[in-house]
Each structure stands twice: as structure tokens, then as C-alpha cells.
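The sequence lines fix the lettering, A, B, ..., with proteins before strands; numbering per chain opens at 1. This one's a predicted model, so the numbers in the text were calculated from it and none came from an experiment.
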Amino acid sequence: MKTQLNTNTSKTKVEKEPPLKGTLVSVLFLGFFLIFTWVSVYFLFLNRL
Amino acid sequence: MMNGTWKVDARDGKLAMAHIYVAFVALALGGLAGLLQVLVRSGKFELPAGISYYTILTTHGVLLGLVLTTFFIIGFQFAAVSRTAGTLSDRVRFWGWVGFWLMTIGTAITAFYILIGEASVLYTFYAPLQAHAGFYIGLTLVVVGSWISGFAMFAHYAKWKKAHPGQVSPLLTFMSVVNMVLWLICSLGVAATVLFQLIPWSLGYVDRINVLVSRTLFWYFGHPLVYFWLLPAYMIWYAIIPKIIGGKMFSDSLARMSFILFLIFSIPVGFHHQLVEPGIDPAWKYLQVVLTFMVVIPSLMTAFSMFATFEMYGRSKGATGLFGWLRKLPWGDARFFAPFIGMLFFIPAGAGGLVNASHQLNQVVHNTIWVTGHFHLTLATTVVLTFFGAAYWLIPHLTGRVMTKAMNRLAIIQTIVWSIGMIFMSSAMHFAGLLGAPRRSAFSTYGDAPQALEWVPYQIAQAVGGTILFIGIILVLIIVTNLAFFAPKGETEFPVAEVAEQAERTPLVFENWTLWIGIAVVLILIAYTVPFIDMIQNAPPGSKGFKLW
């Protein structure tokens with residue numbers, strides 16, 4: 001009699017993270033905008049010293 | 001929602017609506033004052049009958065910055081705790097009404113003294129400008145009333161916790177409690193300056209006042225005040241918007257964590273409003289600037305969470321590509337559109353905030369109209385558009401009506417009108433501020449000084465923007481009146497989002513109040529004790545009161 005191997009046991013269950021590429025790009029853009037504004041006014045400050 | 005009621009009880013709804021009516025009356029009067037301000041500031045218009053620009057300025061600031069916000073927030077939060085933690089007990093509701101009437105009577109007294117020209121002390125009312133004692137007494141009643149309402153909410157929360165031992169409280173109730181704890185801790189500062197300094201001084205019991213202490217206590221209150229306005233907007237973003245778009249919340253834990261971080265870091269930061277203030281050691285200013293920048297963390301957490309909620313929803317609807325999910329959002333629904341535009345405006349608002357809080361950069365913009373432009377983005381766009389968006393479902397929910405398609409369309413137009421008006425007004429304020437135009441000032445060319453003449457085109461742009469915004473106020477008042485009194489009868493949902501399946505379980509540690517309030521108090525003591533002692537021990541003789549209007 002053939003024993004059936006349970007192939008499922010060898011697989012580990014991987015929790016699937018939701019794909020959030022758009023979110024990543026959006027927050028990177030947001031960070032860039034914050035830094036850009038800050039640096040712009042910083043140079044204005046330096047120019048007026 | 002587990003153990004929650006689906007509809008706010010009619011008696012609780014009445015309490016919430018009472019607050020909302022006062023808020024929108026304040027919007028009408030304060031908005032009119034704002035229109036007059038921008039017209040005067042354009043140099044093309046003078047106020048009739050000898051009305052002072054500074055009377056109008058104080059009316060605008062107090063009615064919109066303090067009254068509209070506090071009333072709407074407390075009304076919204078009463079509805080939110082009733083919806084998520086169950087109908088209020090008779091006792092809680094009774095104290096809610098006591099709080100409401102104290103706040104309303106206080107507002108009436110304060111408004112009376114402003115309007116008769118006895119209290120043109122600007123919205124930041126610190127010494128040495130001296131108002132009639134009635135102005136301060138009225139404000140005290142507003143604050144005491146809000147405390148009573150806060151304690152009523154705490155009692156309701158405590159009852160829920162007792163009935164559900166070991167369970168995580170409903171998110172909107174938790175958030176309301178955090179906001180009222182924040183308000184209670186910060187408003188102790190304004191209560192202290194009003195009760196111990198300004199009232200005795202305005203009544204003539206003392207002749208002179210310590211200006212630096214008064215300003216410091218004001219800003220100890222003034223900055224967290226901004227977060228008291230903002231956190232209810234965040235409640236709507238985190239816990240309601242996902243439901244409106246048909247999606248789920250990205251994470252309950254992340255939302256709670258960001259609220260706790262706001263509670264901890266938004267109070268010991270008032271010195272960043274006083275960076276050019278003499279009499280405070282730069283080392284203490286530096287410490288508070290560092291703490292201010294800590295507030296960036298929960299703000300960015302919120303931005304991430306919002307983008308993630310929208311992207312998860314869009315992808316669940318089959319969106320592809322990097323930004324395909326944006327197309328899936330319900331752009332035609334004003335309940336979503338108005339708060340979403342508010343979120344977008346928070347990006348330049350936050351960027352401006354980082355400039356304000358940086359010591360050197362603050363010298364470029366300090367006391368210029370840039371700052372006015374900044375808080376018209378944060379409060380008058382981000383927060384206010386979110387509140388308008390919430391009013392579009394909250395008011396019909398509470399009055400048993402439904403929003404018609406025509407009103408929804410008008411609300412979309414209102415949001416667009418508001419955005420256009422604010423782009424004109426706030427951008428002009430930012431640019432004029434960078435050119436040195438002062439805030440808190442009526443129109444002047446300062447003897448035709450070339451620098452002051454550069455500001456004039458921007459001031460005309462402010463007037464154009466302000467006029468468009470006033471049209472926006474008229475539109476929102478039409479919508480709100482319709483929803484409260486004339487819209488067809490029916491059932492409107494009070495949307496409360498569920499958490500996404502992938503999200504982790506929420507740990508109970510977020511409700512360890514001793515821990516979080518303890519950390520907040522320790523940080524406040526570290527940031528303020530030494531400089532405060534210094535201000536009192538090494539104080540100059542103090543100032544007499546000034547009435548410059």
C-alpha cells in the first residue's frame with residue numbers, strides 16, 4: 001500500500017504583505033518636498049546674513 | 001463594531017448638535033470678520049464707523065480659532081463616544097449640557113467685550129495688551145466648560161472599561177479620550193495665566209505683570225491647542241474615511257500609537273513659538289525644538305497610513321500600476337473629497353511648520369504673515385475641510401435626514417472654491433512673509449518704504465483669496481442649514497471603519513494611562529521647570545497694561 005506524502009507540511013505559510021509601492025513612492029515624494037522647502041528657506045536665511 | 005450602537009441616541013444627538021450649531025454660527029461671524037480683514041489689508045477699503053481693524057482681528061481669531069474648533073470638536077466627540085462606546089448615561093449627558101452652557105455663556109461674554117471694543121488684544125491675548133476683565137472671565141468659562149465635557153467623556157470611557165475588562169476600547173472613544181487628556185493638560189497653562197495673572201491685573205488688583213511668564217504659559221497651551229484641533233481630523237482620517245471609501249483601516253495599533261506620541265510630544269514644545277524671545281536660555285529653546293521635531297514622527301506615520309489605506313483599497317478593486325489606485329477613490333463623494341483635499345494641503349502646511357520650528361529659519365519668518373499663511377493651511381484648510389466633510393454625514397445622522405445629490409454636488413463645489421481661495425490667500429501670505437510683511441498689522445505703507453510697497457500686490461492677492469473663501473463659507477452654511485433643517489428625512493450612516501485582516505492585534509498597553517500621562521508630565525517638567533524658575537527669579541519689574549486701540 002502506498003503511503004501518500006503530505007506535501008503541504010513542507011511548505012511554510014508565508015504571510016503576504018499587501019503591495020504598497022505607490023505608498024512608498026508617495027511618502028518618499030512627501031519627504032523630498034519637506035526637505036526641499038526646509039533647504040530653500042535655509043538658503044534664504046544664509047543669503048540674508 | 002463590537003458592543004457599539006449603530007445609531008447615536010437621539011438625546012446624545014441633541015447634545016452634539018447643540019455644539020455644532022454654535023460652531024457654525026461662529027464660522028459665519030468669524031468668517032465675515034476675516035473678509036473685512038483681508039479687504040482692509042489690501043489698502044483699498046476702510047472700516048466704517050471707526051471700527052478698529054484689531055477688533056475685527058480679535059473677533060476673527062477668537063471665534064474661529066477657539067470657538068468654532070472647540071465646539072465642533074466636543075460635539076463630534078460626544079457623538080463619536082456615544083456611537084462607539086454606547087449611549088451616554090443620563091449623568092454623563094447632564095454634565096455634557098452643563099459644559100455646553102458654560103462654554104456658550106462664556107463665548108457670549110467674551111464676544112460682547114470684543115465687539116464693544118474693550119478687548120482688541122488679538123487671538124493670542126497675552127500681556128502687556130490688556131483687555132476688559134470680562135473678556136478673560138468669559139474665556140475662563142469656555143475652558144471650564146470644556147473641562148467638564150472632558151470629564152464627562154472620561155466617565156463614559158471608564159464605564160465602558162469596567163463593563164469590558166481586558167478588552168481594547170473602541171478606537172474613536174480611545175482617540176477622544178487622548179484628545180481630551182491633551183486638552184486638559186495644556187489648558188492648565190492658559191487657566192494659570194488667566195486666573196493668576198490677567199484677571200487680577202485687568203481688575204486693578206495688581207499694577208504690573210510678568211510678560212514673559214504670561215507668554216510662556218500661553219504658548220505652553222497654544223501649541224498643543226493646534227493638536228487639539230488636528231487630532232479630531234486625524235480621528236476622521238484614521239477611523240472613518242476608510243469606511244467611507246469602502247476599504248479598511250491599515251492598522252488600529254498604528255493609529256493608537258500615533259495618538260499617544262502626540263500626547264507625549266505636543267506639549268513640551270511651546271518655546272518654538274518664542275524662539276526670538278529674550279529671557280529664555282537658548283539651550284532650553286534647543287531642547288524644545290528637538291521635542292517639536294519628534295512630533296514629525298506621528299505626522300509621517302499618519303501620512304503613511306493614509307496612503308496605505310487608499311492603495312490597499314484601490315488594489316482590492318483591481319487597480320494596477322504605481323498610482324492606479326488613485327482612480328478608484330470615490331471622488332464624487334463630498335464626505336471623502338473634502339477631507340482628502342484637507343490631507344493634501346497638510347503637505348505644504350507640514351513643510352511650513354518645519355521651517356517655523358527651526359531656530360535659524362524662524363528668524364526669516366518670525367512674526368511675519370508667513371505664519372498666518374501657515375495656520376490657514378493647517379487649521380483653516382486641513383482641519384476645517386475635514387470637519388466640513390464630517391458634517392456632511394454627522395449632521396444628517398443626528399437630525400434623521402439624508403444628504404441629497406444636489407447638496408453633495410454643492411459640497412464638492414464648496415471644497416473646490418475653498419481650495420482656490422486658500423491657494424490665493426495662503427500662498428500670498430507665505431510669499432509676503434518671506435519679504436518681511438508683518439502679521440497682526442493693519443494696512444500701512446510705512447511712509448512709502450520700498451520694502452513695504454513690495455507687499456501690496458500680495459495683499460491684494462490675499463483679499464482676492466479671502467473673498468473667494470468667504471463665498472466658500474456662504475456655501476458651507478447653505479449646506480449645513482439644509483442638512484440640519486430642510487434635507488429629506490431618512491437614515492444616514494455614522495461610518496466607523498473596520499481594521500484590515502492583515503493588521504496585528506492591538507495591545508492593551510496603549511490604555512496604560514499612568515504610563516503615558518506620566519511620560520508626558522515628566523517631559524513637561526524637564527522642558528519647563530528650570531526656565532520657568534529663571535523667568536520668575538530674574539524677572540524685570542513687570543509691565544503696566546496697554547490699550548493701544
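Heavy-atom pairs under 4.5 Å with chain A were tallied for B:Val296, B:Val365, B:Leu322; the largest tally goes to B:Leu322. Contact tally against chain A (heavy-atom pairs below 4.5 Å) for B:Met306, B:Gln363, B:Arg315: the top residue is B:Arg315. Among B:Leu326, B:Leu361, B:Val364, the residue with the largest count of heavy-atom pairs under 4.5 Å with chain A is B:Leu361. When each of B:Gly314, B:Ala351, B:Ser316 is checked for heavy-atom pairs under 4.5 Å with chain A, B:Ala351 comes out on top. Note: B:Ser358 leads B:Gly350, B:Ser358, B:Ala303, B:Ala500 in heavy-atom pairs under 4.5 Å with chain A.
Only the side chain of B:Phe323 has a heavy atom closer than 4.5 Å to any heavy atom of chain A. Using a 4.5 Å cut-off between heavy atoms, A:Leu20 touches chain B through backbone and side chain atoms alike. For B:Gln360, the parts lying near chain A are the backbone and the side chain together; criterion is any non-hydrogen pair under 4.5 Å.
The number of heavy-atom neighbours closer than 6.0 Å to CZ of A:Arg48, taken from other residues, nucleotides and ligands shown, is above 12. The number of heavy-atom neighbours closer than 6.0 Å to CE of B:Met301, taken from other residues, nucleotides and ligands shown, is above 12. When the shell of 6.0 Å around CZ of B:Phe424 is examined, it contains 12 or fewer heavy atoms from other residues, nucleotides or ligands. Surrounding CZ of B:Phe293 are more than 12 heavy atoms belonging to other residues, nucleotides or ligands, all under 6.0 Å away.
No side-chain heavy atom of A:Thr23 sits under 4.5 Å from any side-chain heavy atom of B:Phe250. The closest side-chain heavy-atom distance from B:Leu300 to A:Val27 is not below 4.5 Å.
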Legend entry - Stepwise side-chain contact (heavy atoms from CB on, under 4.5 Å) check, A:Thr37 with B:Leu354: CA-CA 9 Å; A:Thr37 310; B:Leu354 295 179; over 6 Å; no
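Residue A:Lys21 comes nearest to B:Glu311 through the heavy atom pair N-OE2, 3.3 Å, listed as atom of the first residue, atom of the second, then distance.
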